[in-house]
Amino acid sequence: MLRLGIIIAVIALVGTALSGLAACRVHDQELAIDRIALARAIDVHASLVQDRLTERELLARVASGLFRAPSVIKANMLEPLRSSIYAFKTDFVVASWIARLRPNEFPVAQAELRQAGFPNPTIRSYDDTPLAPNVDQPVDVLMDLEPRNAETSRLPGRALDRQPIVGPMLARAMAEGKPIASDPTPLLRSDGPMGIVLAAPVVPQGATNPAGFVTFSYEIGPLLLTNDDLSLFSVALKDPRNASDELVANDQGAVTMRTRGMDDPAPSSTRTVAFGNHDWSLVYYAKSNAVRRAQQTAAIVGVIGLALTGIICGLFGYVAYNNLRLSREIQVRIGFERRLTAVIDELNHRVKNILAVIQSIVTRTLRHGSDIDVARELLIGRIHAMSNVVTLLSESQWQGVQLRGLFEARAIPHAERIAVSGPDITVSARAAQSLSLLFFELASHSDEGLSLVGKHPHITAKWEVTGEEPNAVFNFRWEELNTSEATRRPDSDFGLILLDRVAPEALGGTSKRFFTEASYVYELTAPMETVIDMTERDRTEQFSAPVRPPK
C-alpha cells in the first residue's frame, strides 16, 4: 500500500507538474496568437486608411493642376473638372473653389455669383455678417462648389480667411504651396457631420503666388474610423488640438468627442497616417480581453490535466500540437510577409509603368503651343482610356483583358460606329495598355468632318491570328471607309509617335498607315507571344496564389 501510495503520489505530482506546465504553455501561446492576429488586423486597417488618404490627396493635386482658366473670378470654375473629379469615385461631402480676391475685385465677383444663380451673392464674412468696410487686404472668398443643392447654394460669397479652422489652413496652404488638411471641424453647418477639409493651392501659369484654392471636405467617420462589427478592435482618432481628447464613430457613423480618463483602458496600439501635411494618430482598442481569455483557456487545460493525470502522453501531445500550431502560424506569417514584399515590388513596377505612360501622355498633349481646349479634351480622353484598361486589368487580377473589351464606349469615342470582328483573344497587361491608347487615338481622329459620301465614316476593326505556335502572328487592321486624306483630321504628334513607334515597339512588331481611294487604313503586325505574354500571366498567378503553411 505504501509503495502504491508512493507511486500514486509520484504520478499525482508528475501529473500536477505536467498540468501546470501545459497550462502555462497554453496561456503564453494564446496570448502570442491573439497579439499576432490583432497586430496584423491593425496593420491592414492602417494601410487601407493611408491608401484612402493618399488617393484623396492625389485628387486634390490633380484637380488643382487642371486649372487653366484665364480668370479665377468666376462662379463656375469647377465646371471643367466635374467629370474628372467624379471619375475618381471619391466620397467627398463638398468640393469648392475659393478665390483670393482683392477689394477692388468684389463687384466683379458679386456679379459672377449673381449670374450663377446663388441666392446671396454679397461678399460677406464666414458667419454671414457684413464684411468690415475697411478691408484693404486680399480675402479668400468661396466662389463655386459641388454639389449644388438647397443647403450648399447659400454658402458662396463667404470670406473664409478669418474662419477659425479653415482660415489658418488656407494661410498655411498659401505659405507652403501644397495641399494642407484642416483640424477636425463640423461640415456645412455648426451641427453638421465632423470632417476634415483638404485645400490645394492653384497657381496660374506664369504666376508665383496662388490665385485660390480647390478644397475637398470629407467626413471623418468613413475616411478614418470605419471598421466592421467583426473586427478585433475599435479605432479612435486623437484630436490634434488636445492629446487627451479622441474622436470616435458610432454604429451609424456619427462622430463624437470623448475625453480619456485616468481609469480608462490603455490602447492596444497606435498608428500614424499622413494626410494634407498632417500626421494623424489612430488609436486602437482591443474588443476582447486577451489575457482573461488566455487565463480561462489555461485553467481548462489545468483542470483536464489534473483530472487525467494518467494520460501524460496525451498532455505532452497536446503541448506538442500547440507548439507546432504556433510554429506553423509564425512560418505562414513569415511566408506572407515575403510574398507581400514581392507583390509590393511588382505593384510598384506596374504603377511606375502606368505613371510613366501618363507622364508621356500629359507631356505630349500639353506641349508648348497646343490649343488648351483641344489638349484638355484629348488629355481627359487619354487618361480615361488608361483608367478603363487599368479597371479591366484589376477586375481580372492583371491576368489580361479580352481584346473586344477595349472597344467599350466608355473608353473610346464613336464606339457605336465601329464594326469589331476577330477571334477571342486575351491580351497581356502591357499589350492592353498600348492597344487601348492606340484605339483611342485612331477613334478620336475619325470624326472631324463628313466623309466622301456626306456621312460620318464607317469604321471596321478586325484582327486575326496566322501561323502555328510558337510562330503565330497577330494581324490587326483598322479601316475608315468613305474617308480621304482631305476629310480626315491629321493625326497629332503624340498620335503619330504612338501609331508608328510606341505601339509597334511595345508589341515587338511593325505598323503602317496609308490612304486608299476611299478609306484610311492602319495595320499592325506583331508576334502572338508578345501580345499574350504568358510569362507575365504566370508571374501574376504566382503572386495571386494563396500562402499555404509548410507541411
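Residue numbers run from 1 in the order of the sequence given.
Relative to the ring axis of Tyr285, Arg258 places its NZ or CZ within 45° and under 6.0 Å from the centre.
When atom types are taken as modelled, the side chain of Trp280 and the backbone of Leu237 share no donor-acceptor pair closer than 3.5 angstrom. A donor-acceptor pair under 3.5 Å is absent between the side-chain atoms of Arg148 and the main chain of Ser153, judged by distance alone. Looking only at distances, a side-chain donor or acceptor of Thr152 sits under 3.5 Å from a matching main-chain atom of Asn149. Between the side chain of Ser47 and the backbone N or O of Asp43 there is no donor-acceptor pair closer than 3.5 Å.
The closest side-chain heavy-atom distance from Asn250 to Thr256 is not below 4.5 Å. Using a 4.5 Å heavy-atom cutoff, the side chains of Phe106 and Leu131 are in contact.
Interatomic distance, Ile33 CD1 to Glu329 CD, rounded to the nearest 0.5 Å: 4.5 Å. If you take CD1 on Ile42 and CG on Leu282, they are separated by 10.5 Å, rounding to the nearest 0.5 Å.
In this structure, Ser217 has no side-chain hydrogen bond (donor to acceptor under 3.5 Å, both in side chains) partners at least two apart in sequence or on a different chain.
Salt bridge annotation for Arg61-Glu57: present, with a cationic side-chain nitrogen under 4.0 angstrom from a carboxylate oxygen.
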Please tabulate, for side-chain N and O atoms in residues 154-161, each donor-acceptor pair with protein atoms closer than 3.5 Å (sequence neighbours left out).
{"residue": "Arg154", "atom": "NE", "partner": "Glu151", "partner atom": "O", "Å": "3.3"}
{"residue": "Arg158", "atom": "NE", "partner": "Asp128", "partner atom": "OD1", "Å": "3.0"}
{"residue": "Arg158", "atom": "NH2", "partner": "Asp128", "partner atom": "OD2", "Å": "2.8"}

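Judged by distance alone, the side chains of Thr215 and Ser96 do bring a donor and an acceptor atom under 3.5 Å apart.
Using a 30° and 60° split on the angle between ring planes, Tyr218 and Phe216 fall in the parallel class, below 30°.
Within a 6.0 Å radius of CZ in Arg260, other residues, nucleotides and ligands contribute more than 12 heavy atoms.
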